[in-house]
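The next block holds one structure in the form of structure tokens; read it before the comments.
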Amino acid sequence: MALNIDQSGSFPRVATKRITKVSVGFEWEVPAEMLDTECDCCRGDCCCDDGECYCDCRDEDYANLSSDTENFMDTHGFRTHYECGGAEFASPVFGNITTARRVARAIKEVALQDRALGEDMNPDHHCGIHVHTSHVNLGNDVKAHEVYRRVSAMLNRKTSAKFIMEFSGRTNGSSAYLDQARSIGWDKDGKSTPDSYEESYMRSNQMVRPNSFGSSHTIEYRLWHTAEDRLLPAIDFAHACTTFIMGRKGIPYLKDFKTWLDKQSGYKILKQDNAWRLL
């Protein structure tokens, strides 16, 4: 697989002959058997300037990943680190979702065979799946924020709540990360748009948040539990949702998204997800 570095010099991009309008990258946090639970990552003592904990503890002092896992990460351009009992695999940026799916399937197989990973896959674990998407027409900060705002508002409608909770793979026994899968129902009283307080509250819950691939604006979807069967549906959902929102005005309903999705030729795994019955 050919890799090249984007202009930020930090996120590798997978070269592809058929680049689509929406780029996608994912972060998969998998519970890991930590050998040193006193490291800064596990205590949460290490933070970057923006408050995010991205300490690089990738060595045998913290977890004993198999050589197959290490080789996969190096070959495919993944970045990884350990934090809070999990190993986070951050993928390169894919300009084609077909390639993203293929690599996601492959890392699932590698991780499931690694004895250092996945010893605690219960729903209470705070690890999760985050998917970044960036549309070629996002342009500047203002446009990127508007797309984020409409995605967040659609997913936080009252009629979205049951679907989002089941689709996330989280349960009511989860930690504070459960809020990332809980729609607040801002439109329950018939409102057409959320007010500033509700928008602020949705952003603090971080079901969806504005972010970036280096200098490229992204919409980051964070609602999923770490269970491996959520990874491919999550990638499809984020890619499809961003594509859909970019072609719409206002704040659509999730049913509108499902109607659009059914007319698309791809997204087979997403279309088959049982949670759609709750719309």
Quiz prompt | Test log, rule side chain to side chain contact (heavy atoms under 4.5 Å, CB included), inputs His135 and Ile219 | solution = CA-CA 9 Å; His135 196 285; Ile219 311 302; over 6 Å; no

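- A search for ring pair (Phe, Tyr, Trp, His ring centres under 6.0 Å) contacts involving Trp276 returns Phe163, not counting sequence neighbours.
- Under the 3.5 Å distance criterion, with hydrogens and angles disregarded, a donor-acceptor pair is assigned to the side chains of Ser66 and Asp114.
- Side-chain N or O atoms of Ser91 include none that pairs as donor or acceptor with a backbone N or O of Glu27 at under 3.5 Å.
- Applying the ring pair (Phe, Tyr, Trp, His ring centres under 6.0 Å) rule to Tyr221 yields no partners; only residues at least two apart in sequence or on another chain are considered.
- Looking at every heavy atom in both residues, Ser168 comes nearest to Ala181 through OG-CB, 3.3 Å.
- Of the N and O atoms on the side chains of Tyr267 and His239, at least one donor lies less than 3.5 Å from an acceptor on the other residue.
- Between the side chain of Thr133 and the backbone N or O of Val24, no donor-acceptor pair lies under 3.5 Å.
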Exercise. Determine, step by step, whether Met73 and Leu65 satisfy the side chain to side chain contact (heavy atoms under 4.5 Å, CB included) criterion, reporting the C-alpha distance in whole Å, the side-chain angles of both residues, the deciding distance to 0.1 Å, and the verdict.
Key: CA-CA 11 Å; Met73 293 186 296; Leu65 296 180; 4.0 Å; yes

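- Every residue meeting the ring pair (Phe, Tyr, Trp, His ring centres under 6.0 Å) condition with Phe244, not counting sequence neighbours, appears here in chain and number order: Phe257, Trp260.
- Look at Glu166 and Arg277 and you find a salt bridge, because one of the NZ, NE, NH1 or NH2 atoms lies within 4.0 Å of a carboxylate O, short of that distance.
- Salt-bridge check for Glu198 with Lys191: passed, with a basic side-chain N closer than 4.0 Å to an acidic carboxylate O.
- Lys108 pairs by the side-chain contact (heavy atoms from CB on, under 4.5 Å) definition with Trp28, Glu228, Leu231, Leu232, not counting sequence neighbours.
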Practice problem: Verify side chain to side chain contact (heavy atoms under 4.5 Å, CB included) between Glu199 and Asp195, making sure each step is shown before the conclusion. | Solution: CA-CA 6 Å; Glu199 287 190 348; Asp195 59 33; over 6 Å; no

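- Atom CD1 of residue Ile129 and atom CD1 of residue Ile235 lie 8.0 Å apart, to the nearest 0.5 angstrom.
- A side-chain donor-acceptor contact under 3.5 Å links Thr226 to the backbone of Glu29.
- Annotation: the span from Arg209 atom CZ to Ser204 atom OG amounts to 12.0 Å, rounded to 0.5 Å.
- Put simply, CH2 on Trp186 and OG on Ser152 are 10.0 Å apart, with the number rounded to the nearest 0.5 Å.
- Looking at residues two or more places apart in sequence or on another chain, you find a side-chain contact (heavy atoms from CB on, under 4.5 Å) between Thr259 and Lys263.
- Under a hydrophobic clustering in which Ile, Leu, Val, Met, Phe, Trp and Tyr are joined whenever their side-chain heavy atoms come within less than 4.5 Å, directly or via other members, Met165 and Leu278 fall into different clusters.
- Environment of NZ in Lys249: sparse, with no more than 12 heavy atoms of neighbouring residues, nucleotides or ligands closer than 6.0 Å.
- Of the inter-residue distances, the one linking Leu270 atom CG with Gln264 atom CD reads 11.0 Å to the nearest 0.5 angstrom.
- Atoms OG1 and NE2, on Thr242 and His132 in that order, are 11.5 Å from each other to the nearest 0.5 Å.
- Contact check for Leu155 versus Met207: side-chain heavy atoms found under the 4.5 Å cut-off.
- No path of Ile, Leu, Val, Met, Phe, Trp and Tyr side chains, each step under 4.5 Å between heavy atoms, connects Ile269 with Val22, placing them in separate hydrophobic clusters.
- Considering every non-hydrogen atom in both Cys127 and His225, the closest pair reads O-ND1, 4.0 Å.
- Here the side chains of Ser192 and Asp187 are not in contact, with every heavy-atom distance at 4.5 Å or above.
- In this structure, the side chains of Ser23 and Phe94 stay at 4.5 Å or more apart for every pair of heavy atoms.
- Contact record, Leu254 with Ser160: CB-OG, 3.7 Å, taken as the closest heavy-atom pair.
- Contact check for Pro252 versus Ile245: side-chain heavy atoms found under the 4.5 Å cut-off.
- Note: Thr69 OG1 to Asp74 CG = 11.0 Å, rounded to the nearest 0.5 Å.
- One finds no salt bridge joining Lys158 and Asp189 here, because no Lys/Arg side-chain nitrogen approaches an Asp/Glu carboxylate oxygen to under 4.0 Å.
- Between Trp224 and Phe237, the ring-plane angle classifies as perpendicular under the 30° and 60° cut-offs.
- Side-chain atoms of Ile164 and Arg182, non-hydrogen and from C-beta on, never get closer than 4.5 Å to each other.
- A salt bridge links Asp236 with Arg101: the distance from a Lys NZ or Arg NE/NH1/NH2 to an Asp or Glu carboxylate oxygen falls below 4.0 Å.
- Ring planes of Phe72 and Phe78: tilted class, angle from 30 to 60°.
- Contact detail for Ile184 and Asn156: the closest heavy-atom pair is N-OD1, 3.2 Å.
- Residues meeting the side-chain contact (heavy atoms from CB on, under 4.5 Å) test with Thr159, sequence neighbours left out: Arg157, Tyr253.
- With salt bridges taken as basic N to acidic carboxylate O contacts below 4.0 Å, none links Glu146 and Lys143.
- Screening His130, His217, Arg222, Glu220 against Asn211 for a side-chain hydrogen bond (donor to acceptor under 3.5 Å, both in side chains) leaves a single residue, Glu220.
- For Cys241 against Met154, the heavy-atom pair with the smallest separation is SG-CE, 3.5 Å.
- Of all heavy-atom pairs spanning Leu117 and Ala87, the tightest one is CD2-CB, 3.9 Å.
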Exercise. Could you give me the CA-CA distance, side-chain angles and deciding distance for Arg170 and Gln180, then say whether side chain to side chain contact (heavy atoms under 4.5 Å, CB included) is met?
Key: CA-CA 9 Å; Arg170 300 192 185 277; Gln180 295 179 356; 4.1 Å; yes

